[in-house]
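Shown next, in structure tokens, is the structure this report addresses.
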Amino acid sequence: MNTTAPTTEQILGPTPGQILRRKIFGHRGIVIGGGIFLIIVLMAVLAPLIAPYDPYHQDLVARLVPPIWQDKGTWTHVLGTDQVGRDYLSRLIYGARISLMIGVMAALISGIIGTSMGVAAGYFGGKVDMVVTFLITCRLSLPVILVSLAVVAIVGGSLEMVILVLGLLLWDRYAVVMRASTQQIRSLDYIAAAQAAGCSTWYILAREILPNVMNQLIVVATLEFAHAVLLEAALSFLGLGVQPPLPSWGLMISEGRNYILFDAWLIAIPGSALFMMLLAVNLLGDGVRDVTVPENRA
Amino acid sequence: MLIYTAKRILLAILVSLTVSALVFSLLYLSGDPATALAGERANEADILAIKAAYGFDQPVYVQYFKWLAGAVQGEFGNSVYFRLPVIDLITERLPVTMTLGVCAMAFALLLSIPLGVLAAMYPNSLIDRAALLLAVLGQALPSFWFALMLIVVFAYWFPILPASGSDSWEHFVLPTIVLGYYATPAFMRLTRTGLLDVLSSDYVRTARAKGLRPAKVLFKHALRNAIIPVVSLAAVQFGFMLTGSIIIETVFALHGAGFLAWESISRSDFPTVQAVLLLFSWFYIILTFLADLLNAWLNPRIRVA
Amino acid sequence: MTTTLSVENLRVSIPLSAGVLHAVRGISFEVAKGETLCLVGESGCGKSLTSLALMNLLPSRAKRDADRIEFDGTDLLGVGERGMARMRGNSMAMIFQEPMTSLNPAYTIGNQLEEGIRLHKGVSAREARERAVYLLEKVGITAAASRLTQYPHQLSGGLRQRVMIAMALMCGPDLLICDEPTTALDVTIQAQILHLIKDLQREFDMAVILITHDLGVVARVADRVAVMYAGEIIESGDVAEIFSRPTHPYTQGLLNCIPVPGKTRHGERLGTIPGIVPSMIGEMAGCAFANRCSYAQDICQQHVETHTVAPNHAVRCVRAEQVRTVAAGSLA
Ligand SMILES: Nc1ncnc2c1ncn2[C@@H]1O[C@H](COP(=O)(O)OP(=O)(O)O)[C@@H](O)[C@H]1O
Ligand SMILES: [Mg+2]
């Protein structure tokens, strides 16, 4: 027999919080994705402190300096300079701000629109549901890229405009997912109990429904964040997103295109940054989904 | 099935109408479309002339119905930039985009379904992990950047494929890969999870309990049910691929409808933009409609109601 | 009587994150031609896994282990997957617990009925069809020929289970395993299906293993009974013997739980067994039932063995003889 007194954990087992924490830190995707994402966020927040140069400062003498790993690279410009002599590392660091800003704002705006629509459809059903489903179908039939290109071309490109356009376009997945999960929760007994107890609709939505769809909401939000970042880069790449001289990664790739033959690093560097950011967010989203689904038998 | 089809047609028509109204109203975002069309250097007289020529002096709803009536007959007016009927421009460019779309779809399906099947048959094996890694990396790869990197590698460093143009089949290789890889992760995941679900289902156990050979169980009883959601996704993805062709065709200078869209957007050629946008949307609506019918037909619960 | 199936020391284990789940812990039994063996026990005691282990249809993570499984003179442990496939659906067939989901929604009833016999017996499409119609009529389905072109979703649960039975009988098996064939169905249909299985068994002279947690069913159809608890067979014997002189305290408890017509008065409380089933994860020392047993002594925590208390009546309890005398006293 074991004579030492058992610890509380041995008696009670781990608390749900401990289990969740263990799952999060034991999940390779979350750790890697979260790590990369944290670095990018720090880069964006601390940009003025860590960027070696002013990202807009042109130095026409030091144009197209190659990055450090190439033969003529120097430590003065670790990632080299672009075609007008701006320090590439500084632009890359400031570029993180633009991507993050667009991703967060667009995911937020579309999240508010899509969640309200989806929850309303799932909760009230009937006509509301029909209308929302119809709107989702219409929205899905409009190609995002083309519409946003056209709108930006008509009203003019700027950071705010790109955020607004993407925010108003990317709500479909929120609506679809929130509708389905609200329907599912609504059919459970405790909602009927809450209704029978005379709780107001707002109370039920805020206290019973929303907390229970939170996990899915977070997963969709990460997906749409990545989607918005990708679309901004594509729009800027096509010349119809944010406008120069802002250091958007998509714009940097577009500006580097003319030098693709001899200075491929001009597009390789911002592209890799974009890739890492998208990878990190996708890993995080997948991880959140893995961690929050109830343990399955598979 | 008949009732289902009728309902579905009605929905498709309603959606098409709503979408056409949205597309039409895009032009009014700028405030005054005539000014936008005339461009920055235009004077009063030019603007008035354009107003008359395009009917902007009429009430908006009259303009809309005229435009819609024209659109249904394939009549979209003249391109402001090319001075040619828009419909001619589109029919001339569409085959390139369609070829690209079909090739990319074939590429994506041929790559992802076998991978998804293998991953589901040997869960947690090396091949499953490799497929998952491919999906995770693929999802994070921005297509325009991937296209540029492929050009760097296969057109400049190892010059075996052309970087741009649309004259020979070789011009389609890189665009097909870039456009196709984008849909691959979704197909693969859906095939894998669908097949895993089906393989652990009761009716697959029944099939095995009958003593059927593993290949027969897989191909007859499992795949058929697992592939149904992939069919719907394929239709949706084909629509996405057509719009994705805007980016791909621009990067590779493939003269298809996507390239036309980009050209006309950057030249403020709004009649052409509207036409392409409307056609792409309608095309998507028709695709999803067909996919739903095919789905219903594959699923006896709907077919034999 | 010839033995159709004999099983010795069958074990099934499933590795889980919390440890290895020993769901079936070394059970042995035999079934003879024309005989019905009922496997009874609470849900979760390992009945389904036992039957799947016999067919070698366990979920891929589960591991099967046995000293011997002999069926019709063949050693099933040695035949490999191809050999098993030749027997499944042919000489040994199974009916599952879930009639609603056990048919493939994408194919017609006829298609699913006929594919097995065409594979195993190499018969023509017409012969297979005739056999299907014959068996559908046998299991009491009207308008059998027209059913062949229907899809599973067009049939009710009771009809689907009848189709499953017909499907199992297509090749004329020597052994039919029925895993709770009526649990998912409503009561009136339950009785019909059980009658049907019993009739068909007599007609085709099959060995039947019927799995159930319902002792009422056992009383009506069984020749012999094996009672399972936590992955072990704790008592087995002829049905009359088990019902008249249940010896294991668990079996006694179970029998107290069923209402007996005429004896149990309306509204009378049925007996329940206090306590909970032990976790099946990890090894278990002594008797699995000890923690709930009113006869348990210290020895039960460490040791358990099987006693033959009468011809054809074995009990896995060290105190079997004492329990038997006490029980006999209280019954008298
Ligand atoms: N696929 C599986 N994965 C994990 N545990 C399982 C699985 N199938 C069955 N079990 C467990 O094995 C035990 C026996 O299950 P089963 O044979 O289905 O019981 P019964 O049929 O007697 O109700 C149960 O505790 C059950 O939870
Ligand atoms: Mg069971």
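Below, chains carry the letters A, B, ... as their sequence lines are ordered, and counting in each starts from 1.
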Heavy-atom closest contact (B:Leu26 atom, A:Ile154 atom, distance)
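Smallest heavy-atom distance, with atoms named: O-CD1, 3.5 Å.
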Please classify the contact of [X] with chain A as side chain, backbone, both or neither, using a heavy-atom distance under 4.5 Å.
| X | result |
| --- | --- |
| B:Val273 | side chain |
| B:Val236 | neither |
| B:Arg189 | side chain |

Rounded to the nearest 0.5 Å, how far does [atom2] of [Y] lie from [atom1] of [X]?
| X | Y | atom1 | atom2 | value |
| --- | --- | --- | --- | --- |
| B:Ile247 | A:Ile145 | CD1 | CD1 | 3.5 Å |
| A:Cys138 | B:Ile285 | SG | CD1 | 7.0 Å |
| A:Phe134 | B:Thr18 | CZ | OG1 | 3.0 Å |
| A:Leu149 | B:Ser266 | CG | OG | 9.0 Å |

Looking at [options], which has the largest count of heavy-atom pairs under 4.5 Å with chain A?
| options | answer |
| --- | --- |
| B:Val152, B:Val23, B:Leu148 | B:Leu148 |
| B:Thr250, B:Ile246, B:Thr288, B:Leu278 | B:Ile246 |
| B:Val15, B:Thr243, B:Val276 | B:Val15 |

[X] side chain near [Y] side chain, heavy-atom distance below 4.5 Å:
| X | Y | value |
| --- | --- | --- |
| A:Leu146 | B:Ile265 | yes |
| B:Leu22 | A:Leu142 | yes |
| A:Leu279 | B:Leu137 | yes |
| B:Val251 | A:Phe237 | yes |
| B:Phe144 | A:Leu274 | yes |

Heavy atoms only, distances under 4.5 angstrom: which of [options] has the most pairs with chain B? Name it, please.
| options | result |
| --- | --- |
| A:Ala226, A:Ala268, A:Pro270 | A:Ala268 |
| A:Leu230, A:Leu283, A:Leu238, A:Asn282 | A:Leu238 |
| A:Ala234, A:Ala264, A:Ala280 | A:Ala234 |
| A:Ile260, A:Val147, A:Thr137 | A:Ile260 |

Does atom [atom1] ([X]) have a neighbourhood of more than 12 heavy atoms from anything else shown, all under 6.0 Å?
| X | atom1 | result |
| --- | --- | --- |
| B:Leu133 | CG | yes |
| A:Met101 | CE | no |
| B:Tyr182 | OH | no |

Under 4.5 Å from any heavy atom of chain B - which part of [X]:
| X | value |
| --- | --- |
| A:Phe275 | both |
| A:Arg257 | side chain |
| A:Ser272 | both |

Show the numbers, then the answer: is there a side-chain contact (heavy atoms from CB on, under 4.5 Å) between A:Leu278 and B:Gln139?
CA-CA 8 Å; A:Leu278 295 173; B:Gln139 268 174 342; over 6 Å; no
Test your reading of the model: is there a side-chain donor-acceptor pair from B:Trp145 to the backbone of A:Ile253, 3.5 Å cut-off?
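Answer holds: no.
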